[in-house]
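Only this structure's heavy atoms are used, side chains among them; waters, hydrogens and symmetry mates stay out. Because the structure is a prediction, the values reported are computed rather than measured.
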Amino acid sequence: MGIRKAAIAVGVAALLALSVNSTLPASARSAGAGLTTHQRSVLRAIAQDTWRFFQKDVDPNTHLPLDNIGPGSTRGEYTSSANIGVYLWSVVAARDLGLISTGQATALALATMGEVQHLQRGFGFLYQWYDTNNGDVIMNPGQGPCPQVGGTTDNCSFLSAVDNGWYASGLIVARQALIGARPLASALLNDTDFSIFYDERAQTPCNVNSQLPDSPPTGQMYGGYYTGVGPAGYHNGAIYSDPRIAMYLGMGLHEMPGDVWWRTWRELPPQRCPSDPDFSWQGQPQGPGTGHWATVTDPQSGKQFAVWEGHYTYPGTSLRFIPTWAGGMFEALMADEVVPETTWGPHSFGLADRRYARVQMTYAREQLHYPVWGMSPSSTADDTGGYDVFGVAGRTFPAGEQLAQCAGCPSPQAESTVTPHASFLALDVAPQRAYANIVRLRTLYPDVYTSDGGFYDAVNPTTGSVGHRRLVLDQSMIMAALDNALNNRQMQRWFAADPVAAIAHLYLAVERMSL
């Protein structure tokens, strides 16, 4: 079903030349460049406090991380593939930062992966939700076990491409960082088959294949797969969003061809054929006219692709950037916590990462007049235990000058809430500005932080209200970012040391974006 076992002759020499079975070059070890001794001490204390969250979060019997804790005594006793993957990041980060020993980290990782080994899985992947009390597959949080796993088109059978990308990234980090966990992490990773997420149907010179039902954008990645049924009926078409982690892993494991990299859209493209979707609703200056068609040669197969290298421009400035789908910070920068995009892709996604952080900072300061910045999907800034897709949509600008591809997707309150994890994600691309924002969050909103878990998940900069809830996903982003900032990009270096990372290096280095 996949192509992992196939010998890929073309491009082998290039991959060997880009060998990443060693640490990143010295010039790349600068995620925390310029941070003073005092600043590093403050960040290290945050890491210690944040790690205390994980000591309370993991179920003592199943060893599965709970999705969230709070407000109050509320415990989100369910988990996902993404939660499990990023929890493994946090265990490694805690070891790297000297908060626990290698033996303790190995024991924690093995306990969780040992449970995963006995969970119901499909194609080696994890289903959407599990009960952390017993490991049962559940339809939705708070519901009982699924009456049937597989053969349905609901969460009882759904394998998410993006969530399982984060799961696999955790296995890679664990097997590189913890020698004692390597056999089990490798066994779990070898069970997976990312080819189920790839739309391998015939491609055309157009943006879509109009000869197939619903005119799909073939060559892209499906959003997921229903075991016993088939692929989900939609594609992850926006490459500058969190699903690209699954592309890195799928290509790195030789289960997706390089086609998926070039066929997935950087910006919604102009029509190449009358049957293509018309994205002119984006308007000007953000519409499909801002860019050019580039002909690229895939470094593995030698096939040529027409790629729309487009961009948005921040209104009133010359700042060019690649838009995320819904304007969230983790869509843009979460992959960089493990994949060294800023080092390997200085003219592609590394550049996009730097530009996008500037967009977030500029918009919050100049348009919203907030004293802090950083919008990303998170808990709501209250104690309802809610969650929303917060992000920079550009709602204060006129029509046609939006800052996200899907301007209508975020809720009306999308720009009302700031989440601390966004600042930590920016430590790699703007360390001083990120550090200053972290300090401002604690100074202006003291209720957003406690020593027994670190930052709470959300604050409303206008009212000062705080959502007293912590998510394992968001706390794990903080732990990984601190490992990179304080430890010479160590989280990235664990990923870079794995053979799976070689193709990510190759493709990031090849591309030249129109920024």
Side-chain angles (χ1 to χ4, degrees), residues 31-32 39 42-43 46 50 240-242 314 319 321 323-337 342 352-382 387-396 403-404 410-411 413-449 454-467 469-471 473-482 484-485:
Q39 290 172 331
V42 170
L43 293 177
I46 291 173
T50 304
Y240 197 47
S241 194
D242 42 324
Y314 191 93
L319 173 60
F321 66 98
T324 66
W325 179 245
M329 188 72 103
F330 83 53
E331 293 178 88
L333 296 179
M334 187 174 169
D336 186 53
E337 294 310 314
T342 49
D353 292 346
R354 296 181 190 280
R355 295 284 179 84
Y356 192 76
R358 288 176 58 190
V359 168
Q360 283 260 348
M361 296 172 197
T362 304
Y363 187 74
R365 181 182 66 250
E366 297 183 1
Q367 297 301 124
L368 301 178
H369 306 293
Y370 288 165
V372 291
W373 50 266
M375 284 171 271
S376 192
S378 70
S379 298
T380 52
D382 53 35
Y387 188 89
D388 208 340
V389 183
F390 299 105
V392 169
R395 293 187 184 279
T396 67
L403 303 178
S411 65
Q413 65 269 23
E415 297 175 347
S416 67
T417 298
V418 163
T419 179
H421 76 250
S423 298
F424 288 88
L425 291 177
L427 279 169
D428 186 38
V429 296
Q432 285 297 330
R433 290 185 179 183
Y435 177 84
N437 203 51
I438 291 165
V439 171
R440 279 198 300 272
L441 282 166
R442 292 181 68 177
T443 302
L444 297 176
Y445 316 103
D447 195 31
V448 80
Y449 190 93
F455 279 98
Y456 285 114
D457 205 40
V459 62
N460 182 313
T462 301
T463 66
S465 63
V466 169
R469 191 175 186 228
R470 295 182 175 105
L471 274 62
L473 177 70
D474 298 356
Q475 299 301 90
S476 294
M477 284 188 258
I478 291 174
M479 289 296 293
L482 290 171
N484 282 324

- prompt: Which atoms form the tightest heavy-atom contact between Thr342 and Asp336, and what is the distance?
  reply: N-OD1, 3.4 Å
query: Just by modelled atom types, is the Glu337 backbone N or O under 3.5 Å from a matching donor or acceptor in the Asn484 side chain?
result: yes
message: Testing the basics here: between Gly328 and Tyr356, what is the closest heavy-atom pair and its distance to 0.1 Å?
response: N-OH, 3.8 Å
message: Nearest 0.5 angstrom please: Arg365 CZ to Arg433 CZ, how far?
response: 6.5 Å
- prompt: What residue among Phe330, Phe455, Tyr435 forms ring pair (Phe, Tyr, Trp, His ring centres under 6.0 Å) with Phe424?
  reply: Phe455
statement: Minimal heavy-atom distance between Leu441 and Val459, with the atoms involved, is CD2-CG1, 4.0 Å
- prompt: What's the spacing between Thr362 OG1 and Trp373 CH2 if we round to 0.5 Å?
  reply: 10.5 Å
field: Distance in Å, Asp242 CG paired with Met329 CE, rounded so as to fall on 0.5 Å steps
entry: 14.0 Å
- request: Using only heavy-atom distances, determine whether the side chains of Tyr456 and Asp474 contain a donor-acceptor pair under 3.5 Å.
  value: no
- line: For Leu319 and Arg355 the tightest heavy-atom approach is CD1-CD, 3.5 Å
field: Side-chain heavy-atom pair Leu427, Leu482 within 4.5 angstrom cut-off
entry: yes
Polar side-chain atom of Arg470 near backbone of Gln475 as donor-acceptor pair, under 3.5 Å: no
- request: For Glu331 and Ala326, indicate whether the former's side chain and the latter's backbone hold a donor-acceptor pair under 3.5 Å.
  value: yes
message: Checking the side chain of Tyr240 only, and the main-chain atoms of Ala352 only, is there a donor and an acceptor separated by less than 3.5 Å?
response: yes
- prompt: What are the two closest heavy atoms between Ser379 and Thr417, and how far apart are they?
  reply: O-CG2, 4.2 Å
message: Which residue in the set Arg358, Glu415, Arg395 passes side chain to side chain donor-acceptor pair (under 3.5 Å) when paired with Tyr363?
response: Glu415
query: Distance-only, no hydrogens or angles: does the Glu366 side chain make a donor-acceptor pair with backbone N or O of Met361 under 3.5 Å?
result: no
query: What are the two closest non-hydrogen atoms of Ala357 and Val429, and how far apart are they?
result: CB-CG2, 3.7 Å
task: Taking Asn460 for its side chain and Ala381 for its backbone only, find out whether a donor-acceptor pair lies under 3.5 Å.
output: no
message: Can you see whether His421 engages Ser376 through a side-chain donor-acceptor pair at a distance of less than 3.5 angstrom?
response: yes
